[in-house]
Protein chains: 2
Amino acid sequence: MKKKERHHLLRQLVQQETIQKQEDFVEILLNRGIDITQATISRDIKEMQLIKVPSQSGGYHYSLPPEMNFNISKKISRLMKDAFVSIDTQKEFVIIKTLPGNAFALGTLIETANYEEMFGCISGDNSVLIICRSEDQAEIFQRRMISFV
Amino acid sequence: MKKKERHHLLRQLVQQETIQKQEDFVEILLNRGIDITQATISRDIKEMQLIKVPSQSGGYHYSLPPEMNFNISKKISRLMKDAFVSIDTQKEFVIIKTLPGNAFALGTLIETANYEEMFGCISGDNSVLIICRSEDQAEIFQRRMISFV
DNA sequence: GCTGAATAAAAATTCAAT
DNA sequence: ATTGAATTTTTATTCAGC
């Protein structure tokens with residue numbers, strides 16, 4: 001496996017899984033039959049400018065470079081401005097209504113952004129349902145979304 | 001000195017100086033007569049969610065949390081959309097013209113954002129002069145600014 | 001150039017004290 | 001609740017091999 005491919009994979013992993021330390025990368029890659037050491041991951045992280053973020057939930061996790069996240073946020077912001085209809089919470093759930101045909105795109109972006117307070121996210125044609133980690137977190141998430149509009 | 005004050009100070013420092021490691025914080029605080037250990041800085045960083053960013057220039061430096069930077073970027077974006085007139089480069093210099101009275105605010109924001117490629121920044125009434133680290137970096141900075149508009 | 005093994009360096013945590 | 005000293009854990013780098 002070439003370095004470029006690995007970087008690509010790391011980029012995916014960091015969005016899908018919660019990577020708390022470099023050894024997590026090593027293990028996941030090992031499970032996939034890719035044999036690589038922490039030293040290499042450290043170098044990859046430096047090159048890709050991944051960052052280790054102290055998370056609200058107490059631990060740490062690796063994340064995409066701030067710039068990239070900024071770009072994702074910009075996209076969300078644009079889409080929210082264009083297609084947002086309404087938002088509401090109930091318990092730990094948040095539902096965002098959009099103009100028809102826009103929810104899926106929004107859901108994908110939200111998943112990519114991988115917000116702390118989010119547990120899961122599914123989207124249909126004109127609504128995105130976000131399941132948060134708690135009732136409080138749902139509030140926080142709602143505020144976050146509103147701030148985009 | 002209370003923890004809150006220290007956090008406030010760290011927030012300033014991280015924007016003004018280039019902090020490469022936690023010991024840098026310790027030293028700077030010591031110079032100011034504040035006696036604190038790396039352990040405490042580590043805890044502060046966790047609470048404040050400061051991140052260690054692999055910088056383009058090869059090293060690492062601590063930075064404000066992505067969200068905060070995002071907010072700054074949003075402000076810059078808004079101001080650029082409102083008050084931007086023109087931008088040009090010459091050697092390692094970039095000059096941004098704004099509507100009268102807006103340059104100072106823009107300059108302040110740009111300084112806060114503390115971009116890699118920037119060496120220094122001064123602003124008057126309707127123009128901001130940014131001195132970059134090289135001719136190439138000036139190009140990069142120019143593109144960055146244009147992308148806000 | 002890229003990598004792993006070993007090591008150094010840096011950062012996080014534990015533990016005890018306040 | 002906050003901290004420093006000591007320690008552990010994690011991360012970065014060096015060095016040798018390819």
Side-chain angles (χ1 to χ4, degrees), chain A residues 1-69 116, chain B residues 1-69 116:
Chain A
M1 165 172 258
K2 300 281 173 291
K3 188 167 74 163
K4 272 214 172 173
E5 297 177 65
R6 195 179 58 239
H7 280 197
H8 195 76
L9 181 54
L10 294 186
R11 195 124 40 209
Q12 281 186 272
L13 284 178
V14 92
Q15 289 172 268
Q16 289 160 8
E17 322 273 335
T18 301
I19 311 282
Q20 297 183 294
K21 51 186 190 190
Q22 300 184 356
E23 288 292 347
D24 291 349
F25 277 124
V26 178
E27 279 186 42
I28 294 174
L29 291 206
L30 196 60
N31 286 341
R32 304 199 182 192
I34 301 160
D35 204 342
I36 210 76
T37 58
Q38 175 267 327
T40 300
I41 296 293
S42 172
R43 287 181 284 244
D44 286 347
I45 284 171
K46 186 171 189 174
E47 285 178 49
M48 302 169 67
Q49 297 186 260
L50 299 186
I51 55 175
K52 190 183 179 186
V53 186
S55 44
Q56 300 175 313
S57 30
Y60 298 84
H61 71 272
Y62 278 92
S63 156
L64 293 181
E67 298 251 334
M68 267 195 176
N69 279 318
E116 286 288 330
Chain B
M1 163 172 259
K2 300 280 174 290
K3 188 166 74 163
K4 272 213 173 174
E5 298 176 65
R6 195 179 56 240
H7 280 196
H8 195 76
L9 182 53
L10 294 187
R11 195 126 38 212
Q12 281 187 273
L13 284 178
V14 92
Q15 290 171 268
Q16 290 161 8
E17 322 273 335
T18 300
I19 312 282
Q20 297 183 293
K21 52 187 191 192
Q22 300 185 355
E23 288 290 349
D24 290 350
F25 278 122
V26 178
E27 279 186 42
I28 293 174
L29 292 205
L30 195 60
N31 285 341
R32 303 197 180 194
I34 302 159
D35 205 341
I36 210 74
T37 58
Q38 175 266 327
T40 299
I41 295 294
S42 172
R43 287 182 283 245
D44 286 345
I45 284 172
K46 186 170 189 173
E47 285 176 50
M48 304 169 65
Q49 298 187 259
L50 299 188
I51 55 175
K52 190 185 179 187
V53 185
S55 45
Q56 301 176 312
S57 30
Y60 298 83
H61 70 272
Y62 278 92
S63 157
L64 292 181
E67 299 250 336
M68 267 197 175
N69 279 318
E116 286 288 332

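Within every chain, numbering begins at 1; the chains are lettered A, B, ... in the order of the sequence lines, protein sequences first and strands thereafter.
- The side chain to side chain contact (heavy atoms under 4.5 Å, CB included) search around Glu47(A) returns Lys3(A), His7(A), not counting sequence neighbours.
- Between Ser42(B) and dA12(C), a side-chain N or O to OP1/OP2 separation shorter than 4.0 Å is present.
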Can you give me every donor-acceptor pair (side chain of residues 8-18 of chain A, partner residue at least two apart or in another chain, under 3.5 Å) with its distance?
none

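- In this structure, Ile41(B) atom CD1 and dT13(C) atom P are separated by 15 Å, rounded to whole Å.
- A 4.0 Å heavy-atom criterion places the boundary nucleotides of DNA chain D facing chain B at dT2(D) to dT13(D), written 5' to 3'.
- Contact between Ile36(B) and Ile41(B) at its shortest, heavy atoms only, is CG2-CD1, 4.1 Å.
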Please report the C-alpha distance between Tyr62(B) and Asp24(B) in whole Å, then the side-chain angles of each, then the deciding distance to 0.1 Å, and finally whether the side chain to side chain contact (heavy atoms under 4.5 Å, CB included) criterion is met.
-> CA-CA 10 Å; Tyr62(B) 278 92; Asp24(B) 290 350; over 6 Å; no
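- With sequence neighbours excluded, no residue forms a side-chain hydrogen bond (donor to acceptor under 3.5 Å, both in side chains) with Lys46(B).
- At a non-hydrogen distance threshold of 4.0 Å, Lys21(A), Gln22(A) from residues 21-29 of chain A come into contact with DNA chain D.
- Using a 4.5 Å heavy-atom cutoff, the side chains of Ile28(A) and Ile19(A) are in contact.
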Do Phe25(B) and Leu50(B) pass the side chain to side chain contact (heavy atoms under 4.5 Å, CB included) test, and can you show the C-alpha distance, the side-chain angles, and the key distance before you say yes or no?
-> CA-CA 12 Å; Phe25(B) 278 122; Leu50(B) 299 188; 4.2 Å; yes
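- Regarding contacts with the backbone of dT13(C), a side-chain N or O of Tyr60(A) is found under 4.0 angstrom from either OP1 or OP2.
- Scanning both residues, Met48(A) and Pro65(A), for their nearest heavy atoms gives O-CG, 3.6 Å.
- Comparing the axis of the opening five pairs of the helix from dG1(C)-dC18(D) to dT18(C)-dA1(D) with that of the closing five pairs yields an angle of 30°, rounded to 10°.
- Evaluation of the side chain to side chain donor-acceptor pair (under 3.5 Å) test over residues 31-43 of chain A, restricted to residues two or more places apart or in two chains, returns Gln22(A)-Gln38(A).
- Taking 4.5 Å as the limit, every side-chain heavy atom of Ile51(B) sits out of range of all side-chain heavy atoms of Ser63(A).
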Polar atom pairs (N or O), protein with nucleotides 1-5 of chain C, under 3.5 Å:
from, atom 1, to, atom 2, distance (Å)
dC2(C), OP1, Lys3(A), NZ, 3.3
dC2(C), OP2, Lys3(A), NZ, 3.4
dT3(C), OP1, Arg6(A), NH1, 2.7
dT3(C), OP2, Arg6(A), NH2, 3.0
dG4(C), OP1, Asp35(A), O, 3.3
dG4(C), OP2, Thr37(A), N, 3.3
dG4(C), OP2, Thr37(A), OG1, 2.9
dG4(C), OP2, Thr40(A), OG1, 2.3
dG4(C), N7, Arg43(A), NH2, 2.9
dG4(C), O6, Arg43(A), NH1, 3.3

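- Per the geometry, CD1 belonging to Ile45(B) stands 13 Å off P belonging to dA10(C), to the nearest Å.
- Heavy-atom minimum distance, Tyr60(A) versus Pro54(A): CD2-CA, 3.8 Å.
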